[in-house]
*Asks:* 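Starting off with a structure, shown below.
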Protein chains: 2
Amino acid sequence: MAKKAEQRRKQILKAAFQAATEKGYESVTLQDIADYADVSKGVTNYYFKNKSDVFTQLFEWITTRIYEKEAASISEQETAIGKLEAYINRVFISPEENKNFYRVYLDFLSQVKNNDSYKEINQKFYENCWSIGREIIHQGLEEEIFEVGDVEQAAISIRCMIDGSLIQWLMRDDAQLHDYYRTTCFESILKILQYKK
Amino acid sequence: MAKKAEQRRKQILKAAFQAATEKGYESVTLQDIADYADVSKGVTNYYFKNKSDVFTQLFEWITTRIYEKEAASISEQETAIGKLEAYINRVFISPEENKNFYRVYLDFLSQVKNNDSYKEINQKFYENCWSIGREIIHQGLEEEIFEVGDVEQAAISIRCMIDGSLIQWLMRDDAQLHDYYRTTCFESILKILQYKK
DNA sequence: TGTATTATACTGACCGGTCAAAATAAATTG
DNA sequence: CAATTTATTTTGACCGGTCAGTATAATACA
């Protein structure tokens, strides 16, 4: 019973995500969500307080999912370079696979200023990202292949570089550039960490 | 006559900008624009084709203005480091002064995927940004203080770092962090350019 | 006076949220 | 186990309200 309700909530979140990738966050209507979920219009308001509640939960779901996938990728690697490479490869996993995720994420980012819940969710996401950065840096310092004065600052810089690259790539929207931005991002981070072979 | 019309158009663009900073791009109405411009509702439709036309011109205006101010700042400097510092200082000019600009810019970015005009405007903006990066890099190479393999790639990385830092700063929305992100951004770019004293 | 500009009222489309009724599932009972 | 009652879920029509765009009236100005 509670299980079925949980299923429905996931179904509606997925529908909202799909609608957002196709129409853009702001222009998604309750009717769109219902259509993508193949239910009638009233259902969304039965399982969620209101439309904004749907999107708050969606934002939380997306950022958590991005982080978990990234964390899983780097934990499979032993070396600092391996971890960093896995991290960047995960971020730029494939044009089709994550483009929608980050597009919707960008939609949410542009709303953060108007919504304290979003701000909090994103703050948590950042902290997760920085912890990934720290893990890679610490590993590299142990291996004595990085030269980093301020670990915290470097971890922040890593995520700046990733987000900046990702956004510039998204904005140009050219499948050919996918590899280019991935390697550019990777190599720039190596320089920020003053990698020495 | 044509001069007055031009004035009115600017007035409306500014009003649209102000409305966007306060209410967020998507929720700005024609009435809002009219209110901020201190005119009646019909005026906007008299000087612009429609609402979307207003925002397209606003986006163009904002990106052009950001670029021009950045370009002016770096051209006042002679050395590579001076130029880079002026560039970053201009980007992070002051929390209040440019926060609104970049917030609205971020609003537009999230719309790029749904609007080819926006995409084109942003592409031009990027090209301007990269040209600033190239100028700084060339200067640094002449001075022999940078070590850059691929100038184009480095110029792109610079803007990735700037946008990434800017967005992360905007999302955290803490006045105290302004200086922190400015210096972090500056120092990271120096490392990307492999600056040697 | 006539043209350009601005103000105001109006229209039609759309949207979020509500709600009563219908459908379905679960529980109870004889 | 079947009949009946009760609880849960789903439907879609509907309402109040908003908005973009239009039409028209009023005003300024040359």
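Just so it is clear, the values below take in all heavy atoms, side chains as well, and ignore hydrogens, waters and symmetry mates. Throughout, a chain's letter reflects where its sequence line sits, starting with A, and its residues are numbered from 1.
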*Asks:* How close or far is atom P of dT11(D) from atom CG of Asp35(A), stated in whole angstroms?
*Replies:* 12 Å
*Asks:* Between Phe17(B) and Phe101(B), does the ring centre distance come in under 6.0 Å?
*Replies:* yes
*Asks:* Any idea which of dT11(D), dT10(D), dG21(D) is nearest the Arg8(A) side chain?
*Replies:* dT10(D)
*Asks:* Atom CD of Gln11(B) to atom P of dT6(C): distance rounded to whole Å?
*Replies:* 9 Å
*Asks:* Which nucleotide sits closest to the side chain of Val43(A): dT10(D), dA7(C), dT5(C)?
*Replies:* dT10(D)
*Asks:* Flag the pair Phe125(B) / Tyr67(B) as yes when their ring centroid distance falls below 6.0 Å, and as no otherwise.
*Replies:* no
*Asks:* Have a look at Val28(A) and say if it touches a base, only the backbone sugar-phosphate, or nothing, with a 4.0 Å heavy-atom cut-off.
*Replies:* sugar-phosphate
*Asks:* So Phe48(A), base contact, sugar-phosphate only, or nothing? Heavy-atom distance under 4.0 Å.
*Replies:* nothing
*Asks:* To the side chain of Lys51(A), which of dA7(C), dG21(D), dG17(C) is closest?
*Replies:* dG17(C)
*Asks:* CG of Asp38(A) versus P of dG12(D): gap in Å, rounded?
*Replies:* 12 Å
*Asks:* Nearest whole Å is fine: how far is dG17(D) P from Gln31(B) CD?
*Replies:* 18 Å
*Asks:* Please state whether the phosphate of dT6(C), meaning OP1 or OP2, lies under 4.0 angstrom from any side-chain nitrogen or oxygen of Tyr46(B).
*Replies:* no
*Asks:* Starting from C1' on dT6(C), measure out to CD on Gln7(B) and report it in whole angstrom.
*Replies:* 16 Å
*Asks:* Among dA20(D), dT9(D), dG12(D), find the nucleotide with the atom closest to the side chain of Ser40(A).
*Replies:* dG12(D)
*Asks:* Can you check the Glu26(B) CD to dC19(D) C1' distance for me, whole Å?
*Replies:* 13 Å
*Asks:* Using atom CG of Leu30(A) as one end and atom P of dT10(D) as the other, report the distance to the nearest whole Å.
*Replies:* 16 Å
*Asks:* In whole angstrom, give the distance that lies between atom NZ of Lys49(A) and atom C1' of dT18(C).
*Replies:* 17 Å
*Asks:* Report the C-alpha distance between Glu22(B) and Tyr36(B) in whole Å, list the side-chain angles of each, state the deciding distance to 0.1 Å, and finish with yes or no for side-chain hydrogen bond (donor to acceptor under 3.5 Å, both in side chains).
*Replies:* CA-CA 11 Å; Glu22(B) 306 233 342; Tyr36(B) 277 102; 3.1 Å; yes
*Asks:* Considering all heavy atoms of both residues, which atom of Asn114(A) and which atom of Gly24(B) are nearest to each other, and what is their separation?
*Replies:* ND2-CA, 4.2 Å
*Asks:* Mapping Lys41(B) and Thr29(A) onto DNA chain C by nearest heavy atom, which one lands closer to the 5' end?
*Replies:* Lys41(B)
*Asks:* Measure across Tyr181(B) and Cys160(A) and return the closest heavy-atom pair with its distance rounded to 0.1 Å.
*Replies:* CE2-SG, 4.1 Å
